[in-house]
Student: 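First the structure, then my questions, so here it is.
Note that this is a predicted model, so its numbers are computed, not measured. For this chain, numbers begin at 1 and follow the sequence in order.
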Amino acid sequence: MSRMWLLVACLVLCMTLVWADTPHFKWAQDGTKLYITIDVVCTDNRDVALTDEYFSFGCDTSAGRQDLKFQLREDIVAANSTCTTLAHPRKGEFCELLKKGDEHDFDRLVENPKAFKKVMSADWKMGKSKDDDEGDDFFDGTPVKQVGGKKLDKMLKEQDFLVLHVEWPWCRKCDHTRDKFIDLARKMKKSKAKFVSTDPRDNRALRAMFEPVCDYTCYFHVHRKDEGPYKVKYQYDLDAMTESMKKFGTDLLDDVDDQKELDKFVKANPQSVLGVFKSKDDEAAKTFRATAIKFRGQYPFAVAYGKEIEGVSKAPSITVYKPFDEGSTKYEGDFESVEAVGRFVNVSSLASVMEYDYNLKDKLAGIGMFGVHFWTDAPSKEADERMELMKKVSKVFFGDAYFVRFNETQHRYLKDAFGAKSMVVGIQETMDHDALKYAYEGELTEDGLKSWIQKYKDGELKPSFKSEDVPTEDWEAGTVKKIVQKTLDAERTSESWVLTTFYKTYFDEWKDVEPVIAKVAKIVKVFPDITIGQYNHDENYFNEAWFEGANTKPMVHKTFMALFHPKNESTTVFAGPFKQGKILNFLKSNVPFVADKWSDVQGSIKAVAEQEQAEKEAAEAARKKEEEEFDAEHPKINVTEDGGIVKQIIEEGDGAVPKSGSNVQAHYHGTLLDGSVFDSSRERDEPFEFKLGQQMVIKCWDQAFATMKVGEQARLTCTSDYAYGDRGSPPKIPAKATLRFDVELLGFEADEAEEEELDEHDEL
């Protein structure tokens, strides 16, 4: 017993000594960073060593050497992390660690917090020290077992077939897969698979093995004993997901002994791979097994050892069987290279011409071939001839290029990206949407295609880019310059500073940004060396590589601005907010002469405001004059006694007026009293239909259209009581707004009850 107490005393003393050399420190975090404040005043030999996984700090102090070393709970980006001495030397050292990956909170700072419990504390003034996730019991009571790091290590060694749900608790992008994972476990309950869920934070070896990421492309993970880990892409269809998972539960290699067994195997697996070797110990056989692991879940593999099968060449041999083209392809190459054999399996498993579908991108990823894409329309003699032509050409470039047929109607948008309107064939370096493209223009012949593809292989072709037509009108200073792909390089390499707004037309924010940059263009007209431009990357080629080395990576799915410095020396990105003052201050911070002549900017702002006010007053005067002239020619008719609905007939109609319940077809052009348009069926060229008197539209329309004849055109003025009331209809129609509509009754159809009444009247 005395020895036991002695041992405990030694341990306590040792830990005390460790803590004596370890400085106290506080930690905190926000959404993107970790903060560590070390309570130490260094006198000499200050050492900082940061890796993505480890933190190490040490220095000499008046009390001796102080060292702080620990393994982080999660990885950081060490390259973007810093440690600095605080401004007041008595306050110690401060470290700012940028987190890796998505914005989230750490549940704890260090891998082993117990070892630092006497020297580590939370800095509540600076930020949080704990995440909001206190564990997850989602899988409780299901066939899925929730396991920790140590338990999982044991299972990986003992279990032959593990299916894993590996998900960062702070990541919610793949939460929807958890229910499907449980359903999958239930559906496969009779299989030998064990279904488990684990927190990757609890096991660094697990993280290195499965490499979980926080992404909208979701995966389940499989571990087969003696094979290693696999990633299986999540599928919404449970049956399809089950079939995919079952492929990982079969033997890696099926043994075949003779031609009869081979025929049976190929019949059951029309697309499969066979290897024939003298023994399992052959290097070629080991390569084949490694290749089978690489393609696990994609193609079944069979093997014959020490046997010769009729119709198959002597060992070693590898044959890919397929239910198309020649039916099979034999390998000729290095039998000891997994890369070479794997590429052969990949290439030989492709049809000479493939039909495009969304999943083709995954199949062709990393295959090392370029794509020849061609388009055909509905089945026709011309489409059949083009298909046969492509099959002939594909044989010449087997192993170098894959050929894909696209539907002219369904996949027109993919064709437009090549930037050649009359093109029917093009080369694309990969299936990625931003890959370089090369359009074939000319007569479609076998020799012409072969020569063109060979020129691409020899590096003699120039890429083609999607581009709008070059504007024919000269650009006027003080306006926004339209930049297209064909003119972008000239702008980027010019002597001027070019502030270009990159946008997509379907972004709602572009409608708000457009008038702002138009005003900025007027203001900076005082600087001839500044150009304000706009670039629509819906209609023009766009490449993120243009912004490499910029101050920040642009979010390409949002509107952003890029300031191209003269001669394209550098690029500075501005992501908003897109307010006049913010944009001008951005120019002030980046263009030296703007800062030097800031008073000129302020003067220009005043001059532009005065000019806009004068234009507004002139426009208002013109509008009032036009309104007076219109009123003089078109008498006002009060549809209601209180004057809330006023009609002015522009053109008379014919026939009867529609009754309540009639289906009305009309055109309209709606404005506020200041003339600003809030909606227009005429601009869309789409007539509007509604049922009269059923409160499907505003009161003004229900009552006014009941007085109109087919063909009648009129102007309606509707007070807010007969329009959108006190609340309005934000953002375009303000509260208590009086509205004006220029309308035309195109036609109407009486409802069934009214038609029956008319029929009875006719009979009488």
Side-chain angles (χ1 to χ4, degrees), residues 136 138-147 155 159-167 171-198 210 212-225 227-254 264-273 292-302 320-324 345-346 349-351 354-365 404 407 410-411 431:
D136 194 346
F138 185 86
F139 292 104
D140 288 357
T142 74
V144 179
K145 183 178 289 187
Q146 186 95 27
V147 298
M155 293 183 76
Q159 297 293 333
D160 179 49
F161 184 14
L162 274 181
V163 183
L164 303 99
H165 191 272
V166 184
E167 184 180 75
C171 179
R172 300 301 182 199
K173 293 178 180 178
C174 290
D175 274 2
H176 61 284
T177 67
R178 299 192 295 182
D179 285 319
K180 189 63 64 67
F181 192 73
I182 294 170
D183 292 341
L184 186 64
R186 288 177 176 143
K187 195 157 186 176
M188 294 183 64
K189 63 182 179 180
K190 293 183 179 180
S191 72
K192 59 182 179 180
K194 301 293 183 185
F195 284 75
V196 299
S197 175
T198 190
F210 294 105
V213 295
C214 186
D215 191 80
Y216 286 109
T217 302
C218 307
Y219 294 91
F220 295 152
H221 298 266
V222 171
H223 187 273
R224 287 300 306 269
K225 196 175 180 181
E227 291 180 32
Y230 299 98
K231 289 172 72 173
V232 186
K233 193 172 182 180
Y234 169 75
Q235 296 169 272
Y236 287 96
D237 184 85
L238 179 60
D239 291 336
M241 188 77 248
T242 304
E243 289 305 310
S244 294
M245 199 60 72
K246 283 180 178 178
K247 293 176 182 178
F248 290 88
T250 60
D251 291 336
L252 180 65
L253 299 172
D254 279 352
K264 183 179 179 182
F265 172 77
V266 174
K267 185 177 181 180
N269 306 284
Q271 193 153 352
S272 52
V273 187
I293 290 174
K294 185 176 179 180
F295 287 94
R296 169 70 107 161
Q298 295 183 53
Y299 311 117
F301 279 64
V320 170
Y321 292 92
K322 48 194 173 182
F324 46 77
V345 171
N346 238 339
S349 300
L350 302 177
M354 296 173 286
E355 297 288 333
Y356 174 75
D357 69 61
Y358 182 76
N359 295 319
L360 199 57
K361 180 179 177 181
D362 290 338
K363 186 174 183 179
L364 297 172
V404 183
N407 182 282
Q410 296 176 358
H411 308 127
M431 289 296 288

Student: Please answer whether the main-chain N or O of Val266 pairs with a side-chain N or O of Ser272 as donor and acceptor at a distance below 3.5 Å.
Tutor: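 The answer is no, because no donor-acceptor pair under 3.5 Å joins these two groups.
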Student: Taking all non-hydrogen atoms of both residues, which atom of Val222 and which atom of Phe248 are closest, and how far apart?
Tutor: CG1-CB, 4.0 Å
Student: Ignoring hydrogens and geometry, is there a side-chain-to-backbone donor-acceptor pair from Gln271 to Ser349 under 3.5 Å?
Tutor: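 The answer is yes, because a donor-acceptor pair under 3.5 Å joins these two groups.
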Student: Might you point out which heavy atoms bring Ser244 and Gln235 nearest each other, and give the distance in Å?
Tutor: OG-OE1, 2.8 Å
Student: Between Asp237 and Lys180, what is the shortest heavy-atom contact and its length?
Tutor: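 In this case the closest contact between Asp237 and Lys180 is N-NZ, 4.2 Å.
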Student: Do Thr142 and Phe195 touch side chain to side chain, with heavy atoms closer than 4.5 Å?
Tutor: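 Thr142 vs Phe195: side chains apart.
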Student: Any chance NZ of Lys322 has more than 12 other-residue heavy atoms, nucleotides or ligands included, within less than 6.0 Å?
Tutor: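 Atom NZ in Lys322 is crowded, with more than 12 foreign heavy atoms closer than 6.0 Å.
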Student: Decide yes or no for Thr250 and Arg296: does some side-chain heavy atom of the first lie under 4.5 Å from some side-chain heavy atom of the second?
Tutor: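 The answer is yes, as the side chains (C-beta and beyond) meet within the 4.5 Å cut-off.
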Student: Decide yes or no for Val144 and Phe138: does some side-chain heavy atom of the first lie under 4.5 Å from some side-chain heavy atom of the second?
Tutor: no
Student: Atom CG of Leu164 and atom NE2 of His223: how far apart are they, to the nearest 0.5 Å?
Tutor: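 Here the interatomic distance stands at 8.5 Å.
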Student: Could you report the tightest heavy-atom contact between His411 and Tyr356, atom names first, then the distance?
Tutor: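 In this case the closest contact between His411 and Tyr356 is NE2-CD2, 3.5 Å.
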Student: Calculate, to the nearest 0.5 Å, the distance between atoms CD and CG belonging to Glu227 and Asp160 respectively.
Tutor: 8.0 Å
Student: List the steps and the verdict of side-chain contact (heavy atoms from CB on, under 4.5 Å) for Val163 and Phe181.
Tutor: CA-CA 9 Å; Val163 183; Phe181 192 73; 3.7 Å; yes
Student: Hey, could you give me the CG/NZ distance between Asp183 and Lys187, rounded to the nearest 0.5 Å?
Tutor: 9.0 Å
Student: For Lys145, look at atom NZ and say whether over 12 heavy atoms of other residues, nucleotides or ligands are found less than 6.0 Å away.
Tutor: no
Student: Taking all non-hydrogen atoms of both residues into account, name the closest pair between Met241 and Tyr234 and its distance.
Tutor: SD-CA, 3.9 Å
Student: Donor-acceptor pair, distance only, cut-off 3.5 Å: does the side chain of Arg224 make one with the backbone of Pro229?
Tutor: no
Student: Hey, are the side chains of Glu167 and Asp175 touching, using non-hydrogen atoms and a 4.5 Å cut-off?
Tutor: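 Yes. Closest side-chain heavy atoms under 4.5 Å.
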Student: State, yes or no, whether a side-chain contact exists between Leu350 and Leu364 at a heavy-atom distance under 4.5 Å.
Tutor: yes
Student: For the atom pair OH (Tyr219) and NZ (Lys231), what is the distance rounded to the nearest 0.5 Å?
Tutor: 5.0 Å
Student: Find out whether Met155 and Leu162 are in side-chain contact, i.e. whether some heavy atom of one side chain is under 4.5 Å from a heavy atom of the other.
Tutor: yes
Student: To the nearest 0.5 Å, what is the distance between OG (Ser191) and CZ (Phe161)?
Tutor: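 Interatomic distance, Ser191 OG to Phe161 CZ, rounded to 0.5 Å: 6.0 Å.
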Student: Quick one: closest heavy-atom pair of Cys174 and Asp215, and the distance?
Tutor: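 In this case the closest contact between Cys174 and Asp215 is SG-O, 3.3 Å.
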Student: Does Lys267 have more than 12 heavy atoms from other residues, nucleotides or ligands lying within 6.0 Å of its NZ?
Tutor: no
Student: Only counting residues at least two apart or in another chain, list the ones meeting side chain to side chain contact (heavy atoms under 4.5 Å, CB included) with Phe295.
Tutor: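 Phe295 satisfies side chain to side chain contact (heavy atoms under 4.5 Å, CB included) with Thr291, Gln298, Tyr299, Phe301, Val345, Asn346 once adjacent residues are dropped.
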Student: Ring-plane angle category for His176 and Tyr236, please: parallel below 30°, perpendicular beyond 60°, tilted otherwise.
Tutor: parallel
Student: Is there side-chain contact between Ile182 and Phe139, with at least one heavy-atom pair below 4.5 Å?
Tutor: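 Touching, per the 4.5 Å side-chain cut-off.
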Student: Hey, could you give me the CZ/OG distance between Phe220 and Ser197, rounded to the nearest 0.5 Å?
Tutor: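 With rounding to 0.5 Å, CZ (Phe220) is 10.0 Å from OG (Ser197).
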